[in-house]
Amino acid sequence: MSTKNLQRTINYTFKDQMLLNTALTHSSYKNEQKNVANDNERLEFLGDAVLSIIVADYIFKHKKVAEGELTKIRASLVCETALAQFAEKINLGSYLLLGKGEEHNGGRERPSIVSDAFEALIAAIYLDGGMDEASRFVLPFITDLVENATGADLHDYKTQLQEIIQQNPEEKVVYHLISETGPDHDKEFVVHVLLNSNVIGKGAGKSKKGAEQAAAKEALMLMGVL
């Protein structure tokens, strides 16, 4: 599908079209095409940071609530589920360049893939047009959600675990990727969550973020919180 349609949908025209092409290129496609130099993983990394800044700035200015509540609201807006829903609104999956295996296995609708591509698209807009353009793109997706968000019923297990642990300043939680298996179109990630140096939870998922959430959930269950 022509990227011109996507640019009309998001109301932004790229000066550097290669940035947009890279944002839409999944690693499975790059691995199959010898003439493709980059996939969207580096852009996804940057987009995650840009998105977090935009969301944090907006909710800080528009939600007069305590820090813990702000953290929960932000987590609900930058999680895989929310980003996949944002991507669906602009039909982002239909524009992705996917490998044959990923195409066959429904990669265009896979939440982990389209949410990562959404973050990559944010980064591409940021690099091409600056923070103002990136904000103009992101804010319409989150403004209504922020107005209705309370954080009371948000299930972000990582944030919930962190809030419990940080009551003891000497305690520290870290997440370690233990394994990454399977082909590009059907990967599984396994993550351990450690309290200081002790494993307190293990989780698996189709993305690193999903595996981390699962590990945090198990830790909370073992602690008797859930």
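Remember, it's a predicted structure, so these values are computed and weren't measured experimentally.
- Phe14 and Tyr12 have their aromatic ring centers within a separation under 6.0 angstrom.
- Hydrophobic clustering, with ILVMFWY side chains joined whenever heavy atoms are under 4.5 angstrom apart, keeps Leu222 apart from Val193.
- Taking a cutoff of 4.0 Å between a charged side-chain nitrogen and a carboxylate oxygen, Arg136 and Asp132 do not qualify as a salt bridge.
- Without hydrogens or angle criteria, Asp128 side chain to Ala124 main chain gives no donor-acceptor distance under 3.5 Å.
- Taking hydrophobic clusters as Ile, Leu, Val, Met, Phe, Trp and Tyr residues chained together by side-chain heavy-atom distances below 4.5 Å, Val174 does not share a cluster with Ile200.
- Within the 4.5 Å cutoff, the side chain of His176 has no heavy atoms near those of the Val191 side chain.
- Counting only heavy atoms from C-beta outward, the side chains of Leu177 and Glu180 approach each other to under 4.5 Å.
- The shortest heavy-atom contact between Leu6 and Tyr95 is N-OH, 3.4 Å.
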Begin with the C-alpha distance, continue with both residues' side-chain angles, and end with the deciding distance and a verdict on side chain to side chain contact (heavy atoms under 4.5 Å, CB included) for Ile59 and Leu77. CA-CA 10 Å; Ile59 62 176; Leu77 295 171; 4.2 Å; yes
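- The 12-atom threshold is exceeded at NZ of Lys209, counting heavy atoms of other residues, nucleotides or ligands nearer than 6.0 Å.
- Both tests do not hold together for Lys208 against Tyr175: distance to the six-membered ring centre under 6.0 Å, angle to the ring axis within 45°.
- In this structure a side-chain-to-backbone donor-acceptor pair under 3.5 Å is present from Arg108 to Leu96.
- Met131 CE: more than 12 foreign heavy atoms inside a 6.0 Å radius.
- Residues Leu98 and Gly107 approach most closely at CD1-C, 3.9 Å, considering heavy atoms.
- If you look at Phe141 and Phe118, their ring centroids are closer than 6.0 Å.
- In the hydrophobic cluster analysis, where Ile, Leu, Val, Met, Phe, Trp and Tyr join through side-chain heavy atoms closer than 4.5 angstrom, Leu195 is grouped together with Leu220.
- Of all the heavy atoms in Arg110 and Asn105, the pair that sits closest is NH2-O, 3.1 Å.
- Using modelled atom types, one finds a donor on one side chain and an acceptor on the other under 3.5 Å when comparing Asn91 with Ser94.
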Ile113 and Glu102: side chain to side chain contact (heavy atoms under 4.5 Å, CB included), yes or no, with the steps? CA-CA 10 Å; Ile113 290 179; Glu102 198 62 72; 3.3 Å; yes
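- A pairwise comparison of heavy atoms in Glu163 and Gly68 identifies OE2-O, 3.7 Å as the closest pair.
- Using a distance-only test at 3.5 Å, with no hydrogens or angles considered, a donor-acceptor pair links the side chain of Ser28 to the main chain of Gly99.
- For the residue pair Ser112 / Glu80, no side-chain donor-acceptor distance below 3.5 Å is found, with atom types taken as modelled.
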Would you mind writing out the side-chain donor-acceptor pairs for residues 37-50 within the sub-3.5 Å range, not counting sequence neighbours?
| unit_1 | atom_1 | unit_2 | atom_2 | d |
| --- | --- | --- | --- | --- |
| Asp39 | OD1 | Glu41 | N | 3.0 |
| Asn40 | ND2 | Ala23 | O | 3.1 |

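- Listed here is the closest heavy atom pair of Ser76 and Ile73: OG-O, 2.7 Å.
- Thr71 and Glu67 share a donor-acceptor pair across their side chains, judged by distance under 3.5 Å alone.
- Taking 4.5 Å as the limit, some side-chain heavy atom of Leu121 sits within range of a side-chain heavy atom of Leu92.
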Walk me through it: do Lys100 and Glu32 pass the test salt bridge (charged side-chain N to carboxylate O under 4.0 Å, His left out)? CA-CA 8 Å; Lys100 293 178 182 177; Glu32 291 181 6; 5.6 Å; no
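- No side-chain heavy atom of Asp116 sits under 4.5 Å from any side-chain heavy atom of His26.
- Counted within 6.0 Å of CZ on Phe86, heavy atoms from surrounding residues, nucleotides or ligands total more than 12; the atom is thus considered enclosed.
- Hydrophobic clustering of Ile, Leu, Val, Met, Phe, Trp and Tyr side chains at less than 4.5 Å, counting indirect connections, keeps Leu19 apart from Leu97.
- Taking a cutoff of 4.0 Å between a charged side-chain nitrogen and a carboxylate oxygen, Lys158 and Glu218 do not qualify as a salt bridge.
- When all heavy atoms of Glu170 and Asn196 are compared, the pair lying nearest together is O-OD1, 3.8 Å.
- Between the side chain of Ser207 and the main chain of Gly210, a donor-acceptor pair closer than 3.5 Å is present.
- With no hydrogens or angles considered, a side-chain donor-acceptor pair links Gln7 and Gln17 at under 3.5 Å.
- The environment of Lys34 atom NZ is sparse: at most 12 non-hydrogen atoms of other residues, nucleotides or ligands sit within 6.0 angstrom.
- The environment of CE in Met223 is crowded: more than 12 heavy-atom neighbours from other residues, nucleotides or ligands sit within 6.0 Å.
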